[in-house]
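The first residue in the sequence is number 1, and the count goes up from there.
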Amino acid sequence: MSNANLLINRQRDHLTDLDAAIGDADHGVNLARGFARAHTVIAQGLHLSGTPASILSSTGRLFMSEIGGAAGPLYGSALFATGSALPDTNEVNPAEFAVALQAGLDRIQVLGAATPGDKTMVDAYTPAVAAFRRTAATGFVPATQAAASAAEAGMRATIPLQAAKGRASYLGLRSIGHQDPGATSTALIFRALAETFQTLEHPCCPTCFGLRPAQPIHRR
């Protein structure tokens, strides 16, 4: 969560600019506020039992209450679904996390009724989850790196698309040529997750979602 909070805050204005072109111009501000609040809550250990499942679920509920616009319900529901799909234990392995990531994506698609190609966060989320699932057997470090790279490729691929969902869809052909802000923030979140695992030699602590893989994490 610490890395995600930093990345979202650094890119707040960029996310807002992207949203100003095809949306409500509030994506960066809303996300920065929500991530800052979640970071504070997790760092202080408020109302959290400390397992990955409880932290993700609690953060999801927090996002739904703290983040405005469409981002709050979508990201909040995804985090809640991800946490709910995990075993409520202190240790989580990559295979279990892959299943949980898919549950989060499924929830987003139910809520937003979006599919890949609609120019939404799903265009980054879908390839990220697929990449993590393909590489989960190699461990958290390479799997999260693969997911982040896939999310970034999906993000860039939204530029030539015409939006089919959300406020951007009202622009029709004018939405073409703009990078989707939701796909961009999704790519930032997956990059933050990858950076967290890349820099840790030991199992994660609650400040980075409490993810504690069954096997020790090593830099690669």
Side-chain angles (χ1 to χ4, degrees), residues 1-16 18-19 27-39 41-42 52 55-64 66-67 69-83 85-86 92 97-98 100-109 111-112 114 120-133 140-141 143-158 179-200 204 206-211:
M1 179 54 68
S2 179
N3 279 345
N5 180 47
L6 287 173
L7 274 180
I8 292 296
N9 271 282
R10 287 173 185 164
Q11 297 296 319
R12 180 187 61 188
D13 292 344
H14 176 54
L15 291 171
T16 296
L18 291 175
D19 198 33
H27 192 61
V29 173
N30 285 338
L31 275 187
R33 181 175 62 249
F35 272 90
R37 174 61 178 155
H39 173 65
V41 169
I42 292 173
I55 290 174
L56 285 166
S57 296
S58 296
T59 302
R61 286 192 293 267
L62 181 65
F63 273 31
M64 285 186 271
E66 294 282 339
I67 301 179
L74 289 171
Y75 278 124
S77 295
L79 286 170
F80 185 83
T82 300
L86 289 173
V92 173
F97 194 55
L101 283 177
Q102 184 64 55
L105 173 59
D106 291 344
R107 186 57 182 159
I108 285 175
Q109 291 193 271
L111 284 178
T120 70
M121 62 193 299
V122 170
D123 288 297
Y125 217 121
T126 300
V129 173
F132 189 97
R133 294 187 71 128
F140 271 111
V141 173
T144 52
Q145 290 289 338
S149 295
E152 288 161 358
M155 170 194 75
R156 292 188 292 271
T158 64
Q179 187 168 292
D180 182 69
T184 305
S185 58
T186 296
L188 288 171
I189 292 167
F190 275 100
R191 177 54 62 189
L193 185 64
E195 290 179 357
T196 295
F197 280 102
Q198 182 69 32
T199 56
L200 290 176
C204 291
T207 56
C208 49
F209 284 145
L211 297 174

* Below 6.0 angstrom between ring centroids: does that apply to Phe63 and Phe80? -> no

* Asked: Is there side-chain contact between Leu193 and Ile189, with at least one heavy-atom pair below 4.5 Å?
  -> no

* Asked: So do Gln102 and Arg107 actually touch side chain to side chain, heavy atoms under 4.5 Å?
  -> no

* Asked: Between the side chain of Asp123 and the main-chain N/O of Gly154, is any donor-acceptor distance below 3.5 Å?
  -> no

* Answer yes or no: is there a side-chain heavy-atom contact under 4.5 Å between Phe132 and Thr144? => yes

* Structure fact -> Scanning both residues in full, the closest heavy-atom pair of Ser77 with Leu111 reads OG-CD1, 3.2 Å

* Structure fact -> All heavy atoms of Ala194 vs all of Ala148, minimum pair found to be CB-CB, 4.0 Å

* Asked: Any side-chain heavy atom of Leu6 sitting closer than 4.5 Å to one from Phe35?
  -> no

* To do: State, to 0.1 Å, how close Leu15 and Gly28 come at their nearest heavy-atom pair, and which atoms those are.
  => CB-CA, 3.7 Å

* Asked: Residues two or more places apart in sequence or in another chain: which of them pass ring pair (Phe, Tyr, Trp, His ring centres under 6.0 Å) with Tyr75?
  -> none

* Structure fact -> Between Gln179 and Leu18 the two heavy atoms that sit nearest each other are O-CD2, 3.8 Å

* Nearest 0.5 Å please: distance from the CG atom of Leu74 over to the CD1 atom of Ile67. => 10.0 Å

* From Met121 CE over to Leu105 CG, what is the distance, rounded to the nearest 0.5 angstrom? -> 9.0 Å

* Structure fact -> d(Glu152 CD, Thr186 OG1) to nearest 0.5 Å is 11.5 Å

* To do: For residues Met155 and Asp180, determine if any side-chain heavy atom of one lies less than 4.5 Å from a side-chain heavy atom of the other.
  => no

* Minimum heavy-atom separation for Thr158 to Ala183, with atom names? -> CG2-CB, 3.9 Å

* Structure fact -> Rounding to 0.5 Å, atoms OG1 (Thr120) and OH (Tyr125) come to a distance of 12.0 Å

* Take Arg191 and Gln145 through the side-chain contact (heavy atoms from CB on, under 4.5 Å) test and state the conclusion after the steps. => CA-CA 7 Å; Arg191 177 54 62 189; Gln145 290 289 338; 3.1 Å; yes

* Structure fact -> Rounding to 0.5 Å, atoms CD (Gln198) and CG (Asn3) come to a distance of 11.5 Å

* Min side-chain heavy-atom separation Thr184-His27 under 4.5 Å -> no

* Asked: Rounded to the nearest 0.5 Å, how far apart are CG of Leu56 and CG of Leu101?
  -> 9.0 Å

* So, does Thr199 use its side chain to make a donor-acceptor pair with the main chain of Thr196 at under 3.5 Å? -> yes

* Structure fact -> Closest non-hydrogen atoms of Gly104 and Thr82, given as atom of the first, atom of the second and distance, are CA-OG1, 3.6 Å

